[in-house]
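Keep in mind the model is a prediction, meaning the values are calculated, not measured. Position 1 is the first residue of the sequence; numbering continues from there.
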Amino acid sequence: MLNLLNAEFYKLRKSKAIYLGILVASILALLLYGSLVMIDKINQEVVANGTGGVIVSQVGDGVEDGGTPESMMQEIGIIGVLQQMFGGHFVGIIAAVLVSIFVIREFSSGTVKNLVGKGYARPVIFFAKMIPVIVLMLVFEVVVAAVTIGMAVPFMGWEEFSATAWGDVAIYMGLQFLFGAVLAVIFMLVGELTRNLAAGISVSIGVVMFSTTLTAGFDLVFHGVGMQPSKYWVLDLLASCPTTDCPWEFAVRGVLASVVWLVVAAVLGILHFRKADVK
């Protein structure tokens with residue numbers, strides 16, 4: 001087991017995909033901050049509405065009306081930008097690609113077949129891959145969060161940065177890291193089931209983009225019995241995670257639901273891997 005883990009972490013360190021994913025996420029964060037700057041300039045009537053492709057449907061009160069233009073940057077704050085990055089599918093989509101590449105290329109390159117041929121137990125092989133996948137997801141999210149927070153200094157200024165409620169940021173990001181770890185195992189399950197890079201990436205992105213729509217439909221189906229499946233699906237929890245004053249009920253429900261989905265995804269992956277042929 002330790003030899004397999006060492007080999008997987010070595011491949012993880014050598015993987016260029018994670019660095020590319022961090023670069024893409026950093027560019028997205030930069031674009032978010034740039035959009036907020038443009039919105040503020042439009043609200044202050046410094047530039048025309050629609051400049052740079054940014055259209056503000058409701059412009060704040062102008063100076064000539066005696067009003068003070070509202071700052072979208074100050075209104076959203078650092079935690080609002082983090083919410084857009086992590087709750088707005090940006091990080092999830094990039095992570096789906098990273099995990100799919102890391103998992104599925106092992107099947108296409110014949111690495112998994114060699115490990116099975118050497119006599120390693122299949123559950124051991126699965127766990128030796130699952131642990132680095134979770135680490136990959138957590139490292140990726142931590143770096144993206146650090147880059148996003150770091151960008152706030154030049155864009156928002158030190159005063160806004162220091163006024164941030166860091167306790168709320170810590171709770172929000174802690175839950176996001178938990179949900180992200182579960183998502184990583186779900187993406188791994190998809191990769192193990194498909195074993196095709198294009199299919200694995202497509203299905204994983206589909207899970208990120210459309211699964212919440214399905215749970216919303218299930219909410220309507222079970223409305224008569226007062227049940228809301230969306231309250232227990234990890235992606236709904238991720239998207240609806242409060243940024244301030246997180247209720248204990250949400251935190252406990254999020255932790256319990258995450259543990260259940262993590263176990264379910266791992267068990268399903270192991271069961272399928274034990275029975276399926278490895279080519």
Asks: Using side-chain heavy atoms (C-beta onward) and a distance below 4.5 Å, is Lys129 in contact with Ile125?
Replies: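 No. Closest side-chain heavy atoms not under 4.5 Å.
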
Asks: Between Ile131 and Phe9, is any pair of side-chain heavy atoms under 4.5 Å apart?
Replies: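 Ile131 reaches Phe9 side chain to side chain.
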
Asks: Taking CZ in Arg274 as the centre, count heavy atoms belonging to other residues, nucleotides or ligands within less than 6.0 Å. Is the count above 12?
Replies: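 No, CZ of Arg274 has 12 or fewer neighbouring heavy atoms, counting only those of other groups under 6.0 Å.
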
Asks: Got a donor-acceptor contact below 3.5 angstrom from the Arg195 side chain to the Phe107 backbone?
Replies: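 Looks like no, no N/O pair under 3.5 Å.
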
Asks: Would a hydrophobic clustering, with Ile, Leu, Val, Met, Phe, Trp and Tyr connected at side-chain separations under 4.5 Å, put Leu256 with Val260?
Replies: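 Cluster IDs for Leu256 and Val260 differ.
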
Asks: State, to 0.1 Å, how close Val144 and Ala25 come at their nearest heavy-atom pair, and which atoms those are.
Replies: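 Shortest heavy-atom separation between Val144 and Ala25 comes out as CG2-CB, 3.6 Å.
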
Asks: Are side-chain heavy atoms of Phe187 and Val103 found at a separation under 4.5 Å?
Replies: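 Contact flag for Phe187/Val103 side chains = no.
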
Asks: Give a yes or no on whether Leu98 and Met209 share a hydrophobic cluster (residues Ile, Leu, Val, Met, Phe, Trp, Tyr; joining criterion: side-chain heavy atoms under 4.5 Å apart).
Replies: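 Hydrophobic grouping puts Leu98 with Met209.
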
Asks: If two hydrophobic side chains count as joined below 4.5 Å and joins carry through other members, does Tyr232 share a cluster with Leu238?
Replies: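 Per the 4.5 Å side-chain linkage, Tyr232 and Leu238 are not co-clustered.
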
Asks: Would you say Asp219's side chain and Ser230's backbone share a donor-acceptor pair under 3.5 angstrom?
Replies: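 Looks like yes, one N/O pair under 3.5 Å.
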
Asks: Is any side-chain heavy atom of Phe102 closer than 4.5 Å to one of Leu136?
Replies: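 The answer is yes; the side chains approach within 4.5 Å.
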
Asks: To the nearest 0.5 Å, how far apart are CG in Leu5 and CE in Met130?
Replies: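 Here the rounded value is 10.5 Å.
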
Asks: Could you walk me through whether Phe179 and Trp233 pass the ring pair (Phe, Tyr, Trp, His ring centres under 6.0 Å) test, one step at a time?
Replies: CA-CA 10 Å; Phe179 300 146; Trp233 173 230; over 10 Å; no

Asks: Hey, is the main chain of Ile201 close enough, under 3.5 Å, to the side chain of Ser204 for a donor-acceptor pair?
Replies: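 No; zero donor-acceptor contacts below 3.5 Å.
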
Asks: How about Arg253 and Leu237: do any of their side-chain heavy atoms sit closer than 4.5 Å?
Replies: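 Yes - at least one pair of side-chain heavy atoms lies under 4.5 Å apart.
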
Asks: What's the spacing between Gln83 CD and Thr243 OG1 if we round to 0.5 Å?
Replies: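 Here the rounded value is 5.0 Å.
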
Asks: Phe161 versus Ile149: any side-chain heavy-atom pair under 4.5 Å?
Replies: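 Side-chain contact under 4.5 Å: yes.
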
Asks: Is any NZ, NE, NH1 or NH2 atom of the basic residue among Lys11 and Glu106 found under 4.0 Å from an Asp or Glu carboxylate oxygen of the other?
Replies: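 Between Glu106 and Lys11 there is a salt bridge, with a charged N closer than 4.0 Å to a carboxylate O.
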
Asks: Are the side chains of Tyr172 and Cys241 in touch, meaning some heavy atoms are under 4.5 Å apart?
Replies: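 Counting from C-beta outward, Tyr172 and Cys241 do come under 4.5 Å.
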
Asks: When hydrophobic residues are tied together by side-chain contacts of less than 4.5 Å, even through go-betweens, does Leu189 share a cluster with Val203?
Replies: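 No, separate clusters.
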
Asks: Given the rule that I, L, V, M, F, W and Y join up when any side-chain heavy atoms are under 4.5 Å apart, are Val81 and Trp158 in one cluster?
Replies: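 As far as the 4.5 Å side-chain criterion goes, Trp158 and Val81 are connected within one cluster.
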
Asks: Just how far is it from atom CG of Leu30 to atom CZ of Phe155, taken to the nearest 0.5 Å?
Replies: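 These two atoms lie 5.0 Å from each other.
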
Asks: Apply side-chain contact (heavy atoms from CB on, under 4.5 Å) to residues Ser15 and Arg105 and explain how you reach the verdict.
Replies: CA-CA 12 Å; Ser15 176; Arg105 70 179 179 183; 4.0 Å; yes

Asks: For the atom pair CD1 (Ile134) and CZ (Phe177), what is the distance rounded to the nearest 0.5 Å?
Replies: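 Reported to 0.5 Å precision, the distance equals 14.5 Å.
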
Asks: Look up atom NE2 in His89 and atom CG in Leu235, then write down how far apart they are to the nearest 0.5 Å.
Replies: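 Reported to 0.5 Å precision, the distance equals 7.0 Å.
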
Asks: Would you name the heavy atoms of Met137 and Ala181 that are closest together and state the gap between them?
Replies: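 Looks like CG-N, 4.3 Å.
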
Asks: Within the distance-only criterion (no hydrogens, no angle test), does the side chain of Trp261 pair as donor or acceptor with the backbone N or O of Leu183 below 3.5 angstrom?
Replies: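 Answer holds: no.
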
Asks: Testing the basics here: between Ala198 and Ser202, what is the closest heavy-atom pair and its distance to 0.1 Å?
Replies: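 Heavy atoms of Ala198 and Ser202 come nearest at O-OG, 2.8 Å.
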
Asks: Are more than 12 heavy atoms from other residues, nucleotides or ligands located less than 6.0 Å from atom CD of Glu159?
Replies: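 Check fails, neighbour count at 12 or below.
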
Asks: I'd like to know whether Ile205 forms a side-chain contact (heavy atoms from CB on, under 4.5 Å) with Val97, so could you lay out the CA-CA distance, the side-chain angles of the two residues, the decisive distance to 0.1 Å, and finally the verdict.
Replies: CA-CA 8 Å; Ile205 292 178; Val97 176; 4.2 Å; yes

Asks: Which atoms form the tightest heavy-atom contact between Val185 and Ala266, and what is the distance?
Replies: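 So the two residues come closest at CG1-N, 4.0 Å.
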
Asks: Rounded to the nearest 0.5 Å, what separates atom CG in Leu36 from atom CG in Leu31?
Replies: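 Here the interatomic distance stands at 11.0 Å.
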
Asks: Compare every heavy atom of Ser162 with every heavy atom of Trp166, then report the nearest pair and how far apart it is.
Replies: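 For Trp166 versus Ser162, the nearest heavy atoms are NE1-O, 4.4 Å.
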
Asks: Quick one: are Arg122 and Val116 in side-chain contact, heavy atoms under 4.5 Å?
Replies: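 Answer yes - side chains close enough.
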
Asks: Taking all heavy atoms of Met85 and all of Phe90, pick out the closest pair and write down the distance.
Replies: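 Result for this residue pair: O-CB, 3.5 Å.
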
